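Below you'll find the structure, written out as structure tokens, and then a few comments.
Residue numbers begin at 1 in each chain, while the letters A, B, ... track the order of the sequences. None of these values were measured; they are calculated from a predicted model.
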2 protein chains.
Amino acid sequence: MARSTGHSRPVIKDVARLAGVSAPTVSRYLNGTARIAEDKRGRIAKAIKQLGYEPSVVARALSNREMDSVVVFAANPSAFSTSATNHGVEAAARRRRFLLNIVSLDEADMDSVEQRVRMGLSIRPAGAVVYEYDRAGIRALDYIPKDLPIVVVGGSFGDGDYQVVNAEREGGRWMTMHLLDLRHETVFHVARAAGPTDNTRTNGWRDALEERGAAIHEPIVVSSTDLEEAVEAGRRLGKRDDVTAVFAGNDETAIGVIKGLREVGRQVPDDVSVVGFDDQNFGPLWSPALTSYSQNFREMGERAFRMLYEQVKARRDGADAPQPRVEVVEGQPRLRDSETEYVPW
Amino acid sequence: MARSTGHSRPVIKDVARLAGVSAPTVSRYLNGTARIAEDKRGRIAKAIKQLGYEPSVVARALSNREMDSVVVFAANPSAFSTSATNHGVEAAARRRRFLLNIVSLDEADMDSVEQRVRMGLSIRPAGAVVYEYDRAGIRALDYIPKDLPIVVVGGSFGDGDYQVVNAEREGGRWMTMHLLDLRHETVFHVARAAGPTDNTRTNGWRDALEERGAAIHEPIVVSSTDLEEAVEAGRRLGKRDDVTAVFAGNDETAIGVIKGLREVGRQVPDDVSVVGFDDQNFGPLWSPALTSYSQNFREMGERAFRMLYEQVKARRDGADAPQPRVEVVEGQPRLRDSETEYVPW
DNA sequence: CTGAAAGCGCTTACAG
DNA sequence: CTGAAAGCGCTTACAG
């Protein structure tokens with residue numbers, strides 16, 4: 001395994017020698033962990049620059065028993081929500097010079113969750129972020145030691161001590177209320193199969209109907225992979241003449257529903273109002289431009305890291321852990337042209 | 001910094017003691033780096049299981065000067081292509097028990113590229129994968145030491161010694177040919193601003209026109225963020241009556257173009273055929289269902305890791321590096337309803 | 001086949 | 001403020 005590293009990179013000893021100090025002094029300089037004489041500071045700085053020295057994060061991690069890194073555990077790694085959240089976590093982590101490790105989970109392979117978690121933790125990260133939009137994420141929580149800083153993203157309130165959730169339920173409620181405000185007598189709902197959390201769009205929809213005393217028709221649940229099911233839902237709804245407004249669980253579903261509605265001769269928004277969720281980039285281009293609810297995944301990721309870092313920092317400083325809390329990241333409704341006021345004949 | 005780790009996890013010494021052998025023997029057992037007596041094998045295996053021992057990847061990395069991990073450098077971390085490719089890399093890496101680190105690059109902040117690369121390499125990964133769809137990726141290559149195994153994903157042929165590219169150009173050529181086969185006299189093109197590579201959809205489009213001797217009208221280049229530009233392109237094209245077929249650089253663009261075309265009274269596909277690229281999931285739901293070209297990003301990611309691993313393995317075995325090569329991952333046309341045969345009046 | 005020793009590159013008590 | 005020493009948890013020549 002002896003690799004010919006060529007001229008290997010400089011190590012702390014080289015810096016120390018060049019600066020005429022000991023390695024521990026360089027270490028203290030780097031970590032700000034003790035006061036260093038002014039002249040030595042200068043010499044060390046120069047030596048570092050001259051050598052192009054970079055501390056080995058691996059050696060540091062071995063010594064500290066902990067790496068400056070976060071692991072994120074997430075199912076659906078290629079979903080927009082996941083990757084946008086990752087991006088936020090990474091950006092915030094980078095500012096603290098933390099590295100990001102991604103370990104994907106697989107809903108279809110729950111048996112591997114434990115092993116994947118172990119793998120992710122084998123690097124001894126300073127903390128973990130778990131996206132708890134689904135069962136795999138929830139399961140992952142079981143395998144993470146209680147003493148490791150964790151932040152849960154998404155999920156139900158109370159699933160984690162430290163949690164950042166998007167306003168799923170609030171958003172669902174808002175969109176439904178909006179339709180009700182437009183005088184629709186009630187709002188039908190085509191839902192994606194949701195995880196077992198209560199912070200869901202569907203619950204928000206129900207909240208609004210209950211609050212207004214509107215009729216609650218069981219939601220039609222469609223697969224999030226086979227969009228044809230949404231089209232079929234649209235057809236079914238289109239055949240009922242009590243359907244004037246539909247809240248779709250996401251934008252793809254909304255599109256499918258609109259398509260199905262049209263197939264059976266109902267126009268959107270003239271005959272039926274349809275709103276989506278997620279505000280995907282194709283929404284504004286749709287005909288009609290799709291009204292939707294925009295979530296800020298990037299922001300969620302950034303907040304998740306910051307919340308994690310607070311815990312890590314406190315631990316490293318020997319301070320008390322920060323107060324556990326749930327942060328709700330609000331989204332924003334984007335009103336466009338796919339819904340309109342209900343006008344009875 | 002002394003953390004109360006509670007009961008710390010078992011280390012190799014604990015296993016050795018319990019099995020009645022030395023630590024190096026356990027190490028050799030774990031790595032298959034020497035023959036071990038049958039009875040000791042058994043005892044070691046039992047001790048490992050009993051203790052729930054897991055080797056410290058950090059200690060191992062320090063000793064080996066290299067971590068069992070890959071870094072991927074990529075701009076546009078939340079783009080579907082990026083995240084799907086990441087997923088492929090991660091899946092293939094996991095099989096080899098390699099960890100994945102993600103470092104995002106930022107086109108808008110080229111100055112930070114060097115620092116980001118250094119950060120990503122600070123962990124001493126066994127290799128790096130660079131997504132070279134844009135300038136940031138290309139720049140990143142400059143900062144990665146030549147002796148580190150690298151695989152370039154995307155980009156021009158020949159940018160890297162080891163490269164996996166999708167059939168961008170081939171795909172563009174195919175789609176254009178398809179339209180020409182439908183008797184359109186020529187095909188107009190609305191392109192996204194492309195990176196400085198030659199393996200582009202636009203070049204494929206040009207290839208096809210040249211091959212058939214069709215008229216080449218300069219492509220309209222639109223931003224990949226502001227979809228309104230695509231709509232505007234659609235309007236402009238719609239006003240010319242020599243426009244009967246449009247190859248859009250991707251599906252969002254295609255949708256925008258269709259919208260613009262409609263605004264000026266041209267129907268798709270009756271008056272103008274429009275095809276997209278990428279085969280996003282909303283394509284089939286569009287009216288008309290969008291004809292597009294589907295790429296296999298996941299597969300690209302998997303191949304990228306495998307190609308990287310070959311290099312890593314050879315290096316570790318002290319063997320010759322594998323032959324440099326470029327693998328082209330083919331996509332697949334998805335013919336739907338947005339294009340049709342040209343019928344002159 | 002296997003053990004004692006040294007080393008990977010840091011950090012942190014312990015003295016001074 | 002600063003250095004010598006020991007340790008983090010592995011791996012790898014070196015002997016045997």
Side-chain angles (χ1 to χ4, degrees), chain A residues 1-5 8-17 19-44 47-48 51 53-69 97 121-124 126 316-318, chain B residues 1-5 8-17 19-44 47-48 51 53-69 97 121-124 126 316-318:
Chain A
M1 180 124 348
R3 297 176 33 204
S4 61
T5 331
S8 57
R9 293 163 47 160
V11 298
I12 199 169
K13 243 185 191 166
D14 300 317
V15 175
R17 194 174 311 137
V21 298
S22 72
T25 299
V26 177
S27 171
R28 291 179 187 115
Y29 168 87
L30 254 13
N31 297 306
T33 182
R35 192 151 281 159
I36 312 282
E38 195 49 40
D39 57 324
K40 308 201 173 174
R41 297 185 66 80
R43 298 211 306 274
I44 293 173
I48 288 176
L51 261 23
Y53 169 72
E54 292 233 38
S56 156
V57 315
V58 169
R60 185 175 273 174
L62 181 57
S63 197
N64 291 342
R65 256 95 136 203
E66 188 172 290
M67 190 113 126
D68 279 8
S69 75
R97 312 224 50 171
L121 299 182
S122 69
I123 204 189
R124 303 275 184 136
R316 289 185 178 179
D317 291 348
Chain B
M1 180 124 347
R3 295 176 34 206
S4 61
T5 332
S8 58
R9 291 164 47 159
V11 299
I12 197 169
K13 244 185 190 164
D14 301 316
V15 175
R17 193 173 312 135
V21 299
S22 72
T25 300
V26 177
S27 170
R28 292 180 187 113
Y29 168 85
L30 254 14
N31 299 305
T33 182
R35 193 151 283 158
I36 312 282
E38 196 47 41
D39 56 326
K40 309 204 170 168
R41 298 184 67 82
R43 299 212 305 274
I44 294 173
I48 289 177
L51 260 24
Y53 169 72
E54 290 233 38
S56 155
V57 315
V58 169
R60 185 176 274 173
L62 181 58
S63 197
N64 290 342
R65 258 95 136 204
E66 188 172 290
M67 190 114 129
D68 279 7
S69 74
R97 312 223 50 171
L121 299 182
S122 68
I123 204 188
R124 303 275 184 134
R316 291 185 176 179
D317 292 348

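- Taking atom CG on B:Asp68 and atom P on D:dT11, their separation rounds to 10 Å, with Å as the unit.
- Here the OH-CD1 distance, from A:Tyr29 to A:Ile44, works out to 7.0 Å after rounding to the nearest 0.5 Å.
- Comparing D:dG9, C:dT2, C:dT11 by their closest approach to the side chain of B:Thr25 singles out C:dT2.
- Listed here is the closest heavy atom pair of B:Ala16 and B:Val26: CA-CG2, 3.7 Å.
- Note: CD (A:Glu38) to C1' (D:dT2) measures 16 Å, nearest angstrom.
- Here A:Tyr29 lies out of heavy-atom contact (under 4.0 Å) with every strand.
- When the side-chain nitrogen and oxygen atoms of B:Arg60 are compared with OP1 and OP2 of D:dT11, one or more of them lie within a distance under 4.0 Å.
- For the pair B:Glu66 CD and D:dT11 C1', the interatomic distance rounds to 14 Å; values are reported in whole Å.
- In this structure, the CG atom of B:Asn31 is 11 Å from the P atom of D:dC10, given to the nearest Å.
- Note on A:Ser63: every side-chain N or O is 4.0 Å or more away from OP1 and OP2 of D:dC8.
- Atom CD1 of B:Ile12 is separated from atom CZ of B:Arg60 by 8.0 Å, given to the nearest 0.5 angstrom.
- Atom CG in B:Asp14 sits roughly 11 Å away from atom C1' in D:dG9 (whole-Å rounding).
- The NZ atom of B:Lys40 sits 11.0 Å away from the CZ atom of B:Arg28 when rounded to the nearest 0.5 Å.
- Shown here are the side chain to side chain donor-acceptor pair (under 3.5 Å) partners of A:Ser22, two or more places apart in sequence or in another chain: A:Thr25.
- For A:Lys40 and D:dT2, the shortest distance from a side-chain N or O to OP1 or OP2 is below 4.0 Å.
- Here C:dA5 is the nucleotide among C:dA5, D:dA5, C:dC8 with the atom lying nearest to any side-chain atom of B:Pro24.
- Atom CZ of B:Arg65 is separated from atom C1' of D:dA13 by 12 Å (rounded to the nearest Å).
- For a distance-only test at 3.5 Å, the side chain of B:Arg28 qualifies as a donor-acceptor partner of the base of C:dG3.
- The side chain of B:Ala59 sits closest to D:dG9 out of D:dT11, D:dG3, D:dG9.
- Here the nucleotide nearest the side chain of A:Ile36, chosen from D:dT2, C:dT11, C:dC1, is D:dT2.
- Here the straight-line distance linking atom CD1 of B:Ile48 with atom CG of B:Leu30 works out to 5.0 Å at 0.5 Å rounding.
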Query raised in the report: Which dot-bracket string describes DNA chain C (Watson-Crick N1-N3 plus N6-O4 or O6-N4, or G-U N1-O2 and O6-N3, all under 3.5 Å; [ ] crossing; | other strand)?
Result: |||.||||||||.|||
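- The distance between atom CE of B:Met67 and atom P of C:dC10, rounded to the nearest whole Å, is 15 Å.
- Look at B:Lys13 and you won't find any side-chain N or O under 4.0 angstrom from OP1 or OP2 of D:dG9.
- In this structure, CG in A:Asn64 is found 12.0 Å from CZ in A:Arg124, a value given to the nearest 0.5 Å.
- The side chain of B:Ser27 lies closest to D:dT11, out of C:dG9, C:dT2, D:dT11.
- Listed pair B:Asn64 / D:dC10 fails the phosphate criterion, with no side-chain N or O lying under 4.0 Å from OP1 or OP2.
- When the nearest nucleotides of DNA chain C are assigned to A:Glu54 and B:Ala34 by heavy-atom distance, the more 5′-ward of the two goes with B:Ala34.
- A:Ile123 places a side-chain heavy atom less than 4.5 Å from the side chain of B:Met67.
- At a threshold of 4.0 angstrom between heavy atoms, the contacts of A:Leu62 include nucleobase atoms, whether or not backbone atoms are also involved.
- Following rounding to the nearest Å, A:Ile123 (CD1) and D:dG9 (P) show an atom-to-atom distance of 16 Å.
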